[in-house]
Amino acid sequence: MTNKFIHFIANWKMFGDINSINSLNKVIKFSNIHKKNKYRIIYCPPYTLLNLFSRKVKNTRIMLGAQNCHHEQNNSAFTGSISAKMIKKIGAKYVIVGHSEVRADGETDLIINKKIKTLINNGLNIILCVGETLSQRKKKQTYKILKNQISRALKGIKKKNNILIAYEPIWSIGTGIIPKIFDLDKDIKYLKNFLLKKIKIKKPKILYGGSVNDKNIIDLKKIDILDGFLIGGASHSPKKFIDIIKKTFI
Ligand code: PGA
């Protein structure tokens, strides 16, 4: 994995307040020193911190992402929502869509598809999350679920080079459990082939997410076709987050 360009995405979910800004100091320092390795750090804090984080990461190697956005075009009457244009204006470059926690809250494949179109129109990069439940896995429906989620999310979309696919088995998110490396390797290969041949993405990029930490990264990094990691809990600690990055390249 060491010769490739690796994404480390910090998904802070509904955590963090104005004091959390200080936790970026160590990560900025680290990224200033370790310039040689090919990696990209993307912080996705809650909306309330986007402005603060944006100012903090200006002129650093760290990029900014949002955890969601509204699917409709800009400047519409949607109380409580944030548009793609607003996210772009604040300086973010990425937006997460299709996270299982958002899907569980009512985000459908159709809404995801609309969001992706809106994000592309606004020149933003997309982190599309897909993943199966444990019962679907046990019933050997994983590939069917992933293929459906991806095909529906990307229906009618021609410009697909700005989309990262994050494979996040739902049973792995926040549980401390990761798939067996052998199985995950096989699943990522399957997904890459599907994206290449059926979805016609020339250079598909796949991330893994779900309980990534500074210990299991030693095994996860063996999957050399992975293009990075979407990290929840472990990304709140700058030390753990930096360790994950360091260990990926050792
Ligand atoms: P986790 O979350 O690393 O805490 O499992 C990952 C995610 O939901 O993106």
Side-chain angles (χ1 to χ4, degrees), residues 1-68 82 87 90-96 99-102 124-125 127 129 164 166-168 172-178 205-223 226-250:
M1 183 174 272
T2 46
N3 291 326
K4 278 175 54 186
F5 193 86
I6 306 293
H7 301 78
F8 296 94
I9 305 180
N11 176 13
W12 274 23
K13 310 192 180 188
M14 202 167 73
F15 293 95
D17 58 29
I18 202 153
N19 299 320
S20 316
I21 194 74
N22 296 328
S23 75
L24 284 187
N25 292 339
K26 277 190 188 149
V27 182
I28 291 173
K29 199 168 158 203
F30 167 84
S31 67
N32 281 341
I33 298 167
H34 295 84
K35 283 188 180 148
K36 273 197 237 142
N37 290 329
K38 292 193 227 162
Y39 63 91
R40 173 166 292 166
I41 297 172
I42 304 154
Y43 264 89
C44 303
Y47 290 141
T48 50
L49 296 179
L50 280 174
N51 192 4
L52 202 61
F53 273 48
S54 176
R55 280 185 271 150
K56 183 84 175 174
V57 302
K58 210 171 181 185
N59 303 323
T60 73
R61 279 185 64 166
I62 296 174
M63 299 176 93
L64 194 63
Q67 294 174 23
N68 201 352
I82 306 281
I87 290 167
I90 212 83
K93 299 271 187 288
Y94 290 81
V95 178
I96 299 174
H99 193 285
S100 56
E101 288 153 10
V102 185
L124 284 154
N125 298 294
I127 302 158
C129 301
L164 300 169
Y167 172 49
E168 296 207 307
S172 183
I173 296 174
T175 59
I177 302 166
I178 61 164
K205 295 204 172 16
I206 305 184
L207 319 173
Y208 168 76
S211 294
V212 176
N213 63 35
D214 49 332
K215 313 249 168 0
N216 61 26
I217 191 67
I218 304 284
D219 290 323
L220 287 168
K221 73 171 187 180
K222 291 178 190 154
I223 304 174
L226 273 177
D227 299 281
F229 302 97
L230 181 52
I231 306 159
S235 71
H236 300 167
S237 149
K239 185 184 174 315
K240 283 188 189 160
F241 194 45
I242 289 170
D243 271 356
I244 292 172
I245 301 170
K246 271 191 192 160
K247 287 181 185 174
T248 304
F249 290 100
I250 290 168

(request) Give, for atom CG of Asn213 and atom CZ of Phe229, the distance between the pair rounded to the nearest 0.5 Å. (result) 11.0 Å
(message) To the closest 0.5 Å, what do you measure between CD1 (Ile62) and OG (Ser31)?
(response) 4.0 Å
(request) Would you give the length of the straight line joining atom CZ of Phe30 to atom CD1 of Ile245, rounded to the nearest 0.5 angstrom? (result) 5.0 Å
(message) Tell me the closest heavy-atom pair linking Ile6 and Gly228, and the distance in Å.
(response) CG2-CA, 3.6 Å
(message) Any side-chain to backbone donor/acceptor pair from Thr175 onto Ser172? Under 3.5 Å, distance only.
(response) yes
(request) Could you please spell out the steps behind the side-chain contact (heavy atoms from CB on, under 4.5 Å) verdict for Phe53 and Ile90? (result) CA-CA 10 Å; Phe53 273 48; Ile90 212 83; over 6 Å; no
(message) Go through it in stages, so that I can follow the logic: the residues are Ile21 and Leu49, the test is side-chain contact (heavy atoms from CB on, under 4.5 Å), and I'd like the CA-CA distance, side-chain angles, deciding distance and then a yes or no.
(response) CA-CA 8 Å; Ile21 194 74; Leu49 296 179; over 6 Å; no
(request) Might you point out which heavy atoms bring Gly174 and Ser211 nearest each other, and give the distance in Å? (result) N-OG, 3.6 Å
(message) Out of the candidates Ile41, Ile127, Leu164, Leu230, only one should pair with His7 under the side-chain contact (heavy atoms from CB on, under 4.5 Å) rule; please name it.
(response) Leu164
(request) Please examine the side chains of Val212 and Ile178, heavy atoms only from C-beta on, and report whether any two atoms are closer than 4.5 Å. (result) no
(message) If we ignore hydrogens and angles and just use 3.5 Å, is the side chain of Arg40 paired with the main-chain N or O of Met63 as donor and acceptor?
(response) no
(request) Check step by step if side-chain contact (heavy atoms from CB on, under 4.5 Å) holds for Ser20 and Trp12. (result) CA-CA 11 Å; Ser20 316; Trp12 274 23; 3.4 Å; yes
(request) Determine the minimum heavy-atom distance between Gly16 and Pro46, stating which atoms define it. (result) O-CG, 4.4 Å
(request) Examine the side chains of Thr248 and Tyr39 and answer whether a donor and an acceptor come within less than 3.5 Å of each other. (result) no
(request) Kindly state each residue pair satisfying salt bridge (charged side-chain N to carboxylate O under 4.0 Å, His left out) with at least one member in residues 13-28, sequence neighbours excluded. (result) Lys13-Glu101
(message) Run the side-chain contact (heavy atoms from CB on, under 4.5 Å) test on Glu168 and Leu207 for me, step by step, so that the C-alpha distance in whole Å, both residues' side-chain angles and the decisive distance to 0.1 Å come before the verdict.
(response) CA-CA 8 Å; Glu168 296 207 307; Leu207 319 173; over 6 Å; no
(message) Does any part of the side chain of Asn25, heavy atoms only, come nearer than 4.5 Å to the side chain of Lys56, both counted from C-beta?
(response) yes
(request) Work out which heavy atom in Ser54 is nearest to a heavy atom in Gly91; give both atom names and the distance. (result) OG-CA, 4.1 Å
(message) Could you check whether atom NZ of Lys93 has more than 12 heavy atoms from other residues, nucleotides or ligands sitting under 6.0 Å from it?
(response) no
(message) Looking at Lys240 and Asp243, is there a salt bridge between them, counting it only when a charged N and a carboxylate O are closer than 4.0 Å?
(response) no
(request) Enter the distance from Asn216:CG to Lys247:NZ here, rounded to the nearest 0.5 Å. (result) 9.5 Å
(request) Test Gln67 against His99 for side chain to side chain donor-acceptor pair (under 3.5 Å), laying out the working first. (result) CA-CA 9 Å; Gln67 294 174 23; His99 193 285; over 6 Å; no
(request) Supply the atom-to-atom distance Leu50 CG to Ile82 CD1, rounded to the nearest 0.5 angstrom. (result) 8.0 Å
(request) Tell me, yes or no, whether the heavy-atom count around Ile18 atom CD1, taken from other residues, nucleotides or ligands under 6.0 Å, exceeds 12. (result) no
(message) On a heavy-atom basis, which atom in Ile218 and which in Lys221 lie closest, and how many Å separate them?
(response) O-CG, 3.5 Å
(request) Taking all non-hydrogen atoms of both residues into account, name the closest pair between Val57 and Thr60 and its distance. (result) O-OG1, 2.7 Å
(message) If I take atom OH from residue Tyr208 and atom CG from residue Leu226, how far apart are they, to the nearest 0.5 angstrom?
(response) 9.5 Å
(message) Can you list everything that forms a side chain to side chain donor-acceptor pair (under 3.5 Å) with Tyr43? Sequence neighbours excluded, please.
(response) none
(request) Quick one: sort the His236 and Phe15 rings into parallel, tilted or perpendicular, breaks at 30° and 60°. (result) tilted
(request) Look only at the side chain of Asn11 and the backbone of Gly232, and say whether a donor-acceptor pair between them is shorter than 3.5 Å. (result) no
